[in-house]
There are 2 protein chains.
Amino acid sequence: MKKLEINLDHIDYQILRIMQNNARTNNADIARELGMAPSAILERVKKLEQKEVILQYNAKINPAALDQNLLSFIFIKTSDIIGEQGIAYLLAEIPEVQEVHDIAGDDGYLIKVRTADAAGLVDLMRNTLGKIEGIISTRTTIVLETIKEEQKLVIPTV
Amino acid sequence: MKKLEINLDHIDYQILRIMQNNARTNNADIARELGMAPSAILERVKKLEQKEVILQYNAKINPAALDQNLLSFIFIKTSDIIGEQGIAYLLAEIPEVQEVHDIAGDDGYLIKVRTADAAGLVDLMRNTLGKIEGIISTRTTIVLETIKEEQKLVIPTV
DNA sequence: TTTGAAACGCACGCTTA
DNA sequence: TAAGCGTGCGTTTCAAA
């Protein structure tokens, strides 16, 4: 993650707040809401994208609609030397793996995985994780139900 | 999460794939890519929204740009009876808490939290979590570095 | 469920303040 | 940086198949 030497003002914050809640809000609507000209908003949005303040625009899809009903967190102990993350990048390439975090303590990595069901998880662990050299052990936590799941950040007011 | 009695076809999958990668792709572009009329795409997108296949459109914002540089996972043991989730909903109301999962085993809940730094985390644990009745214990895992973090689902090909 | 036509509104570059 | 303007394009509705 890059260093950001950017100063965001309260108008930027408002734009970010709107975009975070509905990435398909059009320029004209944002402009109306903030009482500015659309061209000025467009200019700011482009800069926010350029400066990587806005990283991407995603549609959040219902996992159940695609039969991906099992969410799991797996702690992975590896032979990676501290500071190196070779295995982390291998893990990141697996499509079912949504997140890979290098964590403090001796667990190594924490990954978040979405599969259709328990069988899919077993399959992934056996046939994909099992094939990765250097994984010493894993500890899996199964999610029974998700009460909240979003990536929204707390945006400063004013 | 609701039951979904919807049949998605391969055109829907393609739309979802495009939208998942860039939620601001316009109708006309999707139509061109799929070789259909824009109005047909619009119709499908609206249905996908109605049926809650597409849940929302989010801008993914760089946490560093908003000085939220510390990510943590916290396991929370509570006095919630199994099957009840009173405390989970209290946790979900905290803005810094991005995720709340009810997990198997005796840990109770797993939450994902984003704060500015360690001081912010301590503050949250003391002043917010500490004020919630029924939390028996917590176990915190600090993220040193995030290698991958997204919510993209694996969409069936064809 | 798709298409095409038509009306309307928006995007976006340019110029000026 | 922001506003105002203009043109090309996208969006959206509707009738028809």
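Everything quoted here is computed from the prediction, not taken from an experiment. The analysis underlying the following values was restricted to heavy atoms, covering all of them including side chains, and did not include hydrogens, waters or symmetry mates. In what follows, chains carry the letters A, B, and so on, assigned in the order in which the sequence lines appear, proteins first and then strands, with residues in each chain numbered from 1.
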Is it the case that B:Glu33 and B:Gln14 place a side-chain donor and acceptor less than 3.5 Å from each other?
no
Atom CZ of A:Arg44 and atom P of C:dC12: how far apart are they, to the nearest Å?
18 Å
In terms of the nearest nucleotide of DNA chain D, which residue is placed more toward the 5' end: B:Asp29 or A:Glu43?
A:Glu43
Partner of B:Ile15 under side chain to side chain contact (heavy atoms under 4.5 Å, CB included), picked from B:Val45, B:Ile155, B:Val53, is B:Val45
Shared hydrophobic cluster, B:Met125 / B:Phe73 (ILVMFWY, side-chain heavy atoms < 4.5 Å)
no
Taking the axis from the first five pairs and the axis from the last five, what angle separates them in the helix from C:dT1-D:dA17 to C:dA17-D:dT1, rounded to 10 degrees?
30°
For C:dC10, does OP1 or OP2 lie under 4.0 Å from any side-chain N or O of A:Arg32?
yes
Please report, rounded to the nearest Å, how far the P atom of C:dT2 is from the CD1 atom of B:Ile30.
14 Å
Integer-rounded Å distance: C:dT3 P and B:Asn27 CG:
13 Å
Separation of B:Arg24 atom CZ from C:dC12 atom C1', in whole Å?
13 Å
For A:Ile81, I'd like to know if atom CD1 has over 12 heavy atoms of other residues, nucleotides or ligands within 6.0 Å.
no
Whole-Å distance separating the CG atom of A:Leu42 from the P atom of C:dC10
14 Å
Under a 4.5 Å side-chain heavy-atom rule over Ile, Leu, Val, Met, Phe, Trp and Tyr, are B:Leu110 and B:Ile94 clustered together?
no
DNA chain D: 5'-most and 3'-most nucleotides touching chain B, 4.0 angstrom heavy-atom criterion:
D:dG10 to D:dT13
Whole-Å distance, A:Lys46 NZ to C:dA11 C1', equals 9 Å
Pair B:Arg44 + B:Asp9: basic N to acidic O under 4.0 Å:
yes
Decide whether A:Leu144 and A:Phe75 are clustered together by the hydrophobic rule: side chain heavy atoms of Ile, Leu, Val, Met, Phe, Trp, Tyr closer than 4.5 Å, transitively.
no
Assess, by modelled atom type and distance only, whether the side chains of A:Asp80 and A:Gln85 contain a donor and an acceptor separated by less than 3.5 Å.
no
Scan B:Ala40 against the nucleic acid and name what it touches under 4.0 Å (heavy atoms): base, sugar-phosphate only, or nothing.
base
List, with names and distances, any nitrogen or oxygen atoms from the protein found under 3.5 Å away from nitrogen or oxygen atoms belonging to nucleotides 14-17 of chain C.
none

Using a strict cut-off of less than 4.0 Å between a Lys/Arg side-chain nitrogen and an Asp/Glu carboxylate oxygen, indicate whether B:Arg114 and B:Glu149 qualify as a salt bridge.
yes
Kindly say whether A:Gln151 contributes a backbone atom to a donor-acceptor pair with the side chain of B:Gln98 at under 3.5 angstrom?
yes
Test: B:Lys112 and A:Glu150 ion pair at under 4.0 Å
no
